[in-house]
There are 2 protein chains.
Amino acid sequence: MNTLAVNNSRKIEPDGRSHDPDGVRRDIIAVATSEFAEKGLSGGRVDEIAARTRTSKRMIYYYFGDKEGLFVAVLEAAYARIRAIEGELDLAGMPPLDSLRKLTEFTFTYQNSNQDFVRLVMVENIHNGAHLARSETIQALNVSVLNVLRDIYDRGVAQGVFRPGIDIIDIHMTISALSFFNVSNRATFSLIFKRNMATRAALAKRRAVVADTVLRFVSKS
Amino acid sequence: MNTLAVNNSRKIEPDGRSHDPDGVRRDIIAVATSEFAEKGLSGGRVDEIAARTRTSKRMIYYYFGDKEGLFVAVLEAAYARIRAIEGELDLAGMPPLDSLRKLTEFTFTYQNSNQDFVRLVMVENIHNGAHLARSETIQALNVSVLNVLRDIYDRGVAQGVFRPGIDIIDIHMTISALSFFNVSNRATFSLIFKRNMATRAALAKRRAVVADTVLRFVSKS
DNA sequence: AAAAAAATGTACGAGACAGTTAAATAACCA
DNA sequence: TGGTTATTTAACTGTCTCGTACATTTTTTT
């Protein structure tokens with residue numbers, strides 16, 4: 001569930017300090033990520049974060065100013081992680097259909113394996129994107145996945161397997177929505193429809209359906 | 001944005017009381033719906049709800065026990081509303097393809113017009129469905145939309161326009177996910193992709209894409 | 001009409017929680 | 001070497017917020 005590993009192997013000097021400012025920041029962000037993902041921004045407690053950190057509450061305010069500043073930092077770190085991974089995807093060599101399926105399945109699996117990220121995005125949306133709007137860092141992150149998608153789509157159209165005229169943002173939105181919803185709405189959906197959506201089998205089946213949905217949407221015919 | 005109309009035409013007796021217990025309950029739920037939808041469960045303030053109500057905080061605790069009891073009542077009311085509307089949908093006479101498109105477009109439009117509902121469901125999912133799990137009322141609500149969908153799908157397969165073997169819950173999940181995401185993730189998505197998703201034109205275009213996606217998924221071909 | 005139950009107002013208390021104060025040591029750099 | 005900056009602790013403060021105690025009135029039942 002938790003996607004961040006806290007570095008527990010830091011050395012503590014005799015004076016009780018770690019002499020690793022950057023490690024302290026990362027430690028705080030890792031703990032805050034799980035706290036905010038679990039309980040939201042209003043529900044998350046600064047004292048609780050401080051207690052689970054190897055440093056003190058004062059340091060949170062020292063580095064991040066206030067609770068919202070910390071939340072912004074948490075969001076930035078979460079987005080930076082996913083962008084970094086997206087950038088590593090190499091789908092150029094494959095046939096367009098295979099590439100698109102692989103990209104979709106990757107997204108589905110990533111969101112499922114990184115529920116903290118999904119929950120943080122939910123929380124941020126409840127706050128109408130106010131913190132994202134204030135973060136230059138995140139808005140400067142260029143959206144690499146769109147380049148990947150553009151490349152796949154153009155090749156598909158050129159080869160006559162995809163129909164032309166589709167807005168790639170629509171493709172991306174569909175992939176995101178179907179992957180995201182499977183995590184974000186799992187609790188209520190499972191309860192109402194009395195289906196466990198978290199089993200290995202259910203996930204594999206749904207992932208295939210999602211990929212089929214995307215492929216059928218772009219395919220010619 | 002707000003889906004609940006508060007009855008402002010109640011009569012107030014000389015003693016300052018409304019003598020309309022049921023109206024008081026509805027009034028509280030209406031105000032609490034917008035408060036919780038806007039700020040979440042932890043972020044929502046009982047005092048704020050009380051202040052915007054025509055009654056007092058005392059009555060909130062009298063009728064709903066505590067903050068979470070009030071939230072459960074809010075959820076129940078919201079789900080009851082959507083189920084009531086779903087039940088009224090009459091798509092039986094139409095050709096399957098048209099029915100399915102209409103159902104999808106209805107869902108998309110409903111979610112977009114009832115953002116409070118969407119946000120409440122987001123909030124409840126952040127809480128892992130704990131309140132839904134505790135509400136017998138909601139779990140007893142039978143999921144009428146599945147009957148509608150089953151009827152459409154079976155007719156479509158019988159007529160040879162839909163491919164057989166699809167799980168209707170998958171169809172429903174896809175319709176829900178695509179409709180829901182367009183509201184739930186609008187803030188972050190719009191910011192990152194620099195697209196205003198709320199304009200009339202953007203909504204109409206996306207709604208058509210969503211319907212096409214669903215139809216292409218079930219269609220024979 | 002008496003008694004019981006339901007509905008409502010006012011005021012307040014206990015605890016939770018974000019953020020601060022003040023002091024002090026270590027690292028860095030000119 | 002000495003001054004400036006970075007880092008850290010522990011206790012404290014003021015406010016916000018949920019929930020309640022107590023009193024009272026209205027409605028329903030017997």
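Since this is a predicted model, take the numbers as computed values, not measurements. In what follows, every chain begins at residue 1, and chains take the letters A, B, ... in the order their sequences are listed. Because only heavy atoms are used, hydrogens play no part in the values below, and waters and symmetry mates are left out as well, while side chains stay in.
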Nearest-Å distance for atom pair OH/C1', residues A:Y62 and D:dA10: 18 Å
A:M59 CE to C:dA24 P, straight-line distance once rounded to whole Å: 18 Å
Length of the CG-P vector between B:D27 and C:dA7, whole Å: 15 Å
Between C1' of C:dA7 and CD1 of B:I60, the distance in whole Å: 15 Å
Sidechain N-carboxylate O distance under 4.0 Å for B:R207, B:D212: no
Value in whole Å for how far the P atom of C:dT8 lies from CZ of B:R54: 9 Å
What N/O pairs connect the protein and nucleotides 14-18 of chain C at under 3.5 Å? Give each pair on its own line.
unit_1: C:dC17; atom_1: OP1; unit_2: A:R45; atom_2: NE; d: 2.6
unit_1: C:dC17; atom_1: OP1; unit_2: A:R45; atom_2: NH2; d: 3.3
unit_1: C:dC17; atom_1: O5'; unit_2: A:R45; atom_2: NE; d: 3.2
unit_1: C:dA18; atom_1: OP1; unit_2: A:G44; atom_2: O; d: 3.4
unit_1: C:dA18; atom_1: OP1; unit_2: A:K67; atom_2: NZ; d: 3.1
unit_1: C:dA18; atom_1: OP2; unit_2: A:V46; atom_2: N; d: 3.3

Under 3.5 Å side-chain donor-acceptor pair for A:R186 and A:N112: yes
Gap between atoms CD1 and C1', on B:I28 and C:dT8 respectively (whole Å): 11 Å
Nucleotide nearest B:R58 when distance is taken to its side chain, options C:dG9, D:dT7, D:dT9: C:dG9
Donor-acceptor contact present, side-chain A:N196 to main-chain A:A198, <3.5 Å: yes
Between C1' of D:dG19 and CZ of B:F64, the distance in whole Å: 16 Å
Contact summary for B:S179 and B:T104, nearest pair of heavy atoms: OG-O, 4.4 Å
Rounded distance in Å - CD (B:E68) to P (D:dT17): 17 Å
